[in-house]
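Structure record follows, encoded as structure tokens.
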Amino acid sequence: MKFAFYTLGCKVNQCETQAMERRVLELGHTLGAWTEPCDGYIINTCTVTAVSDKKSRGAIRRARRTSPGAVVGVCGCYAQVSPGDIRRLGADVLAGTAERMAFLDAVVEEAARRERTRRELWEQAALHRDFERLAAGGLATRTRAMLKVQDGCRNFCSYCIIPYARGPLRSLPLAEAAGQARAAAAAGYRELVVTGIEISSWGADLPGTPPLRDLAAAVCAAAPELRVRLGSLEPRTVTEDFCAALAALPNLCPQFHLSLQSGCDSVLRRMRRRYDTARYLESVRLLRRFFPGCAVTTDLIVAFPGESEAEFQESLRFLETCAFAQVHVFPYSRRAGTPAARMPGQLGNAVKAERAAQALEAAARLNRQYREGLLGSVQEVLFEQAAGAYFTGHARNYIPVAVPAADLHNQVRRVEITGLLGDGLLGRLAD
């Protein structure tokens, strides 16, 4: 049978989907494209914003339209916090953020019972068969694997629903993480992304409370041929000892996503973040001291309840101070059940749109400045896919790079950077 997956949200969801995809293949089934008729569709949802909820609902409707007789299974954070919404849309199998494999087995079992109906529908869908052949190969075409080392969150930021959806902290033991890294290398991947809901808390629930730097060292040592990239970090994690330990790991990528959310201390306090801008800036400077030229990226929420124009402008100035390589901008999304949803000073959509536009303009300017600083350099690029006349991939700092060349899939090559192209870089092979 054939199953298609659709994933919204964070790298944790992507990692969990990869695990379910591997399970489908181990059971002898195949992976299909989301746009073609399949026996089953598995939708891994996100609920971090109202837009995420809307996309999740749209994905369920799309699956129903594409193959009316197929099984639709829905899991993830939106399914955890709003199961009634999912049921009303006609999901056949529903689960939250736990027991992914039991959920997947239920989807597969239900699909087996519908196999005859599926075949009849599939025969009517000749339009999609060419795409089916193009999509054949599934995971074998992938270059980057996800290693989920942690789930749950105990921070309870005032705007965030995720701690309620994901539950308490659970860390993957060190030996298991190292084993999964070795397995990814053996499967032919060239890069591994260490991810979780809040990886800075990794180890707090394990015997001896090992720090995150121990995990990074173990994963890098277990698969030295892989590039290893860390997921989102909290500023409190970035200390001199942390940076010194990571700088000794030759296969660790010099790209660090450091959560910000606001560049204004009064807003950070209302958000219940556990740092101020001074501590955050200390983390940025430490990373750049130990990893010269590294890419520091972040997230920014604009129009948080009560955010004044002066507070917003303070945030914009802080972006410039930190000189981020990339900033992901999110207008505040009111989430029922969170403290921020009950705060006074809720701002309207027009204010949100205007501030998001200003922040995106600043982010684009900073991104261009960072990329311009790479002109003339030589970058190691992991190539992933063709794009028109180019083959594209990502440098170790996660900046997209394109070269006019033949098939370079899953190769790591040295590239001399010659120019800017779109939101990435243009180059030529240097070896």
Side-chain angles (χ1 to χ4, degrees), residues 10-12 15 146-155 157 169-178 180-181 191-224 226-261 263 268 273-299 318 321-328 370 395-398:
C10 64
K11 287 185 172 64
V12 172
C15 181
M146 304 285 182
L147 172 59
K148 178 186 170 185
V149 299
Q150 178 273 337
D151 204 342
C153 183
R154 57 184 183 178
N155 288 339
C157 300
L169 178 66
R170 286 99 65 201
S171 299
L172 183 70
L174 195 66
E176 292 184 34
Q180 290 188 30
E191 183 172 300
L192 189 66
V193 181
V194 177
T195 189
I197 294 299
E198 206 267 288
I199 67 170
S200 288
S201 293
W202 177 87
D205 59 327
L206 296 177
T209 60
L212 181 62
R213 62 178 181 268
D214 288 1
L215 174 73
V219 169
C220 285
L226 288 184
R227 304 198 315 190
V228 175
R229 193 179 302 280
L230 294 180
S232 181
L233 300 172
E234 289 290 311
R236 69 179 185 276
T237 309
V238 183
T239 63
E240 188 155 346
D241 288 345
F242 176 83
C243 291
L246 265 59
L249 307 175
N251 53 330
L252 186 82
C253 290
Q255 181 252 327
F256 303 96
H257 191 83
L258 198 61
S259 298
L260 175 61
Q261 312 307 352
L268 287 173
R273 300 294 287 174
R274 300 184 179 186
Y275 52 84
D276 57 18
T277 53
R279 178 64 182 88
Y280 188 97
L281 187 57
E282 178 188 352
S283 298
V284 172
R285 289 171 174 165
L286 280 170
L287 288 171
R288 291 195 171 126
R289 174 154 65 92
F290 282 89
F291 298 89
C294 68
V296 181
T297 64
T298 199
D299 300 317
F318 192 70
T321 299
C322 293
F324 292 109
Q326 188 173 37
V327 181
H328 302 286
Y370 180 78
R396 284 165 54 86
N397 56 18
Y398 208 60

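All values below were derived from every heavy atom in this structure, side-chain atoms included, with hydrogens, water molecules and symmetry-related copies excluded.
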(message) Rounded to the nearest 0.5 Å, what separates atom CG in Leu286 from atom CG in Leu246?
(response) 12.0 Å
(request) Evaluate side-chain contact (heavy atoms from CB on, under 4.5 Å) for Leu172 paired with Leu147, printing each intermediate quantity in order. (result) CA-CA 10 Å; Leu172 183 70; Leu147 172 59; 4.2 Å; yes
(request) Write down the atom of Ile199, the atom of Gln150, and the distance for their closest heavy-atom approach. (result) N-OE1, 3.7 Å
(request) Indicate yes or no: at least one non-hydrogen side-chain atom of Leu281 is less than 4.5 angstrom from one of Cys322. (result) yes
(message) If we ignore hydrogens and angles and just use 3.5 Å, is the side chain of Asp276 paired with the main-chain N or O of Ala278 as donor and acceptor?
(response) yes
(request) Determine whether Asn397 and Tyr370 make a side-chain contact, defined as any pair of heavy atoms from C-beta on separated by less than 4.5 Å. (result) yes
(message) Would you compute the distance between atom CZ of Arg236 and atom CD of Glu282 and round it to the nearest 0.5 angstrom?
(response) 14.5 Å
(request) Heavy atoms only: give me the nearest Ala181-Leu192 pair and the separation to one decimal. (result) CB-CD2, 3.7 Å
(request) For Glu234 and Arg273, run side-chain contact (heavy atoms from CB on, under 4.5 Å): C-alpha distance rounded to whole Å, both residues' side-chain angles, the deciding distance at 0.1 Å, then the answer. (result) CA-CA 10 Å; Glu234 289 290 311; Arg273 300 294 287 174; 3.2 Å; yes
(message) Using side-chain heavy atoms (C-beta onward) and a distance below 4.5 Å, is Phe291 in contact with Gln255?
(response) no
(message) I'd like to check the salt bridge (charged side-chain N to carboxylate O under 4.0 Å, His left out) partners of Arg227; sequence neighbours left out, ordered by chain and number.
(response) Glu191
(request) Determine, stepwise, if the pair Tyr275 / Gln261 fulfils side-chain contact (heavy atoms from CB on, under 4.5 Å). (result) CA-CA 11 Å; Tyr275 52 84; Gln261 312 307 352; 4.3 Å; yes
(request) Can you see which heavy atom on Phe290 is nearest to which on Cys243, and at what distance? (result) CD1-CB, 3.4 Å
(request) Of all the heavy-atom pairs spanning Asp151 and Lys148, show the shortest one and how long it is. (result) OD2-NZ, 2.8 Å
(message) Measuring only between side-chain heavy atoms, which start at C-beta, is Leu174 closer than 4.5 Å to Leu206?
(response) no
(request) For Thr298 and Ser259, work out which heavy atoms get closest and say how close. (result) OG1-C, 3.8 Å
(message) Among Thr297, Val296, Leu230, which residue satisfies the side-chain contact (heavy atoms from CB on, under 4.5 Å) criterion with His257?
(response) Thr297
(message) A quick test of your reading: do over 12 heavy atoms of other residues, nucleotides or ligands sit less than 6.0 Å from CZ of Arg279?
(response) yes
(message) Quick one, Cys294 and Phe256 - any side-chain contact, counting heavy atoms below 4.5 Å?
(response) yes
(request) Could you tell me whether the side chain of Arg154 reaches within less than 4.5 Å of the side chain of Ser201, counting heavy atoms only? (result) yes
(request) Kindly compute the distance separating CG (Asn251) from CZ (Arg396), expressed to the nearest 0.5 Å. (result) 7.5 Å
(message) So Pro211 and Asp214, do their side chains get closer than 4.5 Å, heavy atoms only?
(response) yes
(message) So, taking the atom named CG in Leu268 and the one named CG in Leu260, what distance separates them when rounded to the nearest 0.5 Å?
(response) 6.5 Å
(message) Counting C-beta onward and ignoring hydrogens, is there a side-chain heavy-atom pair between Leu249 and Val228 closer than 4.5 Å?
(response) no
(request) Calculate, to the nearest 0.5 Å, the distance between atoms CG and OG belonging to Asp299 and Ser232 respectively. (result) 6.0 Å
(message) Let me confirm one number: the CD1-SG distance from Ile197 to Cys153, rounded to the nearest 0.5 Å.
(response) 8.0 Å
(message) If we check side-chain contact (heavy atoms from CB on, under 4.5 Å) with Leu212, which of these qualifies: Val149, Leu233, Val194?
(response) Leu233
(request) Measure across Ala204 and Leu169 and return the closest heavy-atom pair with its distance rounded to 0.1 Å. (result) CB-CD2, 3.6 Å
